[in-house]
Amino acid sequence: MTDAETIIIGAGPAGLACAAALRARGRSFLVLEKGHTLAASWHCHYDRLRLHTHKMHSALAGKPMPRHFPKYPSRLEVIEYLEVYSSSNDIEVRFGVRATTIRKAKTWTVETSHGVFEASNVIVATGLANLPIRPTWEGQELFAGKLLHSSEFRNAAALAAKRVLVVGFGNSAGEIALECAEAGLDVAMSVRGPVSVVPLELFGLTSASIAIAQRFLPYRLVDAVNAPILRLRFGDLGKFGLERARNGPLTGIIERGRTPLINIGTIERIRSGDIRVFPAISTSEDQRVHFSDGRSDTFDVIILATGYRPGLDALLPDFAQRFGGADGPGRGQLQPANDGLYFCGFTAVATGLLREIGIEAETIAASIDR
């Protein structure tokens with residue numbers, strides 16, 4: 001049981017932002033975190049990870065990122081910022097408490113590894129990147145090399161390998177492949193479908209800054225306007241084995257929840273031949289991997305940079321009825337059923353996830369405060 005009005009599940013950026021927004025309004029809350037540290041997922045990300053959004057677009061409400069931070073803060077700097085954000089907002093977190101079930105009776109009940117808690121509202125702040133997606137293929141169990149998900153990757157040196165295959169073409173895939181190429185490894189990528197690529201910066205502006213400036217325009221119009229610029233910037237990627245998505249990057253984000261690759265050097269390494277591109281994996285045995293176009297090659301390591309899913313089905317007994325077959329709340333749905341169950345940090349955006357989280361947290365707190 002708890003005297004708090006709102007239970008917040010997760011002590012990452014979304015959970016902390018919601019807690020700070022509620023505290024600013026004098027509302028009571030309890031933050032539950034299954035890990036043993038703030039921003040636990042950020043502690044587990046690969047070493048070289050940096051934000052792709054400018055620090056001025058990546059701060060949570062009420063506290064800018066420090067002036068001494070670089071333009072694109074590192075993983076460790078984001079952790080430092082969140083720790084300071086938590087302490088400056090006097091946010092208390094109960095660590096090591098895993099929420100197992102959320103259900104509604106007279107009030108909201110959260111069953112956890114440490115008992116049952118009740119509150120008028122629940123904010124699920126576990127985010128999009130909760131459970132790793134691990135695709136399978138015929139003969140996967142016969143692969144004699146190392147097979148890991150990008151969530152288990154730390155750095156190229158720790159692989160102790162010479163030939164690496166990265167599956168996927170999102171930002172994690174692109175950065176991991178780039179790091180391995182820079183480390184002198186023989187690197188390939190398995191790209192299963194059409195791709196979207198945007199530059200980190202264009203005309204001296206970050207891609208997120210451009211997206212923020214264009215956010216009030218129809219997204220398909222934005223893609224149509226930007227398409228010639230992107231074609232000029234990256235040229236014909238087809239001759240390198242990459243099929244450009246028919247719809248633009250913003251359409252992919254909004255209609256499919258697919259974020260484009262923000263290029264920080266991966267495309268240049270593909271052009272130079274340092275990173276080879278293959279299509280989808282069909283089969284594997286020993287250390288040989290066969291691809292859908294008939295080619296094959298040998299690898300010491302396969303890294304599945306194939307993303308995550310929210311994993312809300314494990315928390316919500318009424319998951320299927322609540323979301324009608326979707327993985328979670330729809331775009332902009334912070335309280336889908338208007339019943340006191342809120343979701344923060346579940347929308348893929350082009351304008352920067354941390355920025356969007358801050359906006360969502362303020363909106364949720366204002367709703368609870370009414």
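All residue numbers in this chain count up from 1 along the given sequence.
Heavy-atom minimum distance, Ala326 versus Phe319: O-CZ, 3.2 Å. Of all non-hydrogen atoms in Gly96 and His36, the two that sit nearest each other are CA-CE1, 3.7 Å.
Grouping the Ile, Leu, Val, Met, Phe, Trp and Tyr side chains by contacts below 4.5 angstrom, directly or via other members, places Phe143 apart from Val166. Cluster membership check: Phe299 does not share its hydrophobic cluster with Val187, using side-chain heavy-atom separations under 4.5 Å among Ile, Leu, Val, Met, Phe, Trp and Tyr. Note on Met189: it does not cluster hydrophobically with Ile281, by side-chain heavy-atom contacts below 4.5 Å among ILVMFWY residues.
If you check the side chains of His57 and Ser209, you find a donor sitting under 3.5 Å from an acceptor. The closest side-chain donor-acceptor pair between Ser151 and His149 falls under 3.5 angstrom. Inspection of the Ser367 and Tyr342 side chains reveals an N or O donor paired with an N or O acceptor under 3.5 Å.
Taking a cutoff of 4.0 Å between a charged side-chain nitrogen and a carboxylate oxygen, Glu268 and Arg233 qualify as a salt bridge. The pair Glu362-Arg25 meets the salt-bridge criterion, since a charged nitrogen lies less than 4.0 angstrom from a carboxylate oxygen.
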- [ ] Starting from the C-alpha separation in whole Å, work towards a yes-or-no answer on salt bridge (charged side-chain N to carboxylate O under 4.0 Å, His left out) for Glu175 and Arg50.
- [x] CA-CA 10 Å; Glu175 290 197 30; Arg50 286 185 174 272; over 6 Å; no
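Each of Arg276, His290, Gln287 was evaluated against Asp297; a single residue qualifies, Arg276, per the side-chain hydrogen bond (donor to acceptor under 3.5 Å, both in side chains) test.
With sequence neighbours excluded, the residues forming a side-chain contact (heavy atoms from CB on, under 4.5 Å) with Glu356 are Val349, Thr351, Ile359, Glu360, listed by chain and number.
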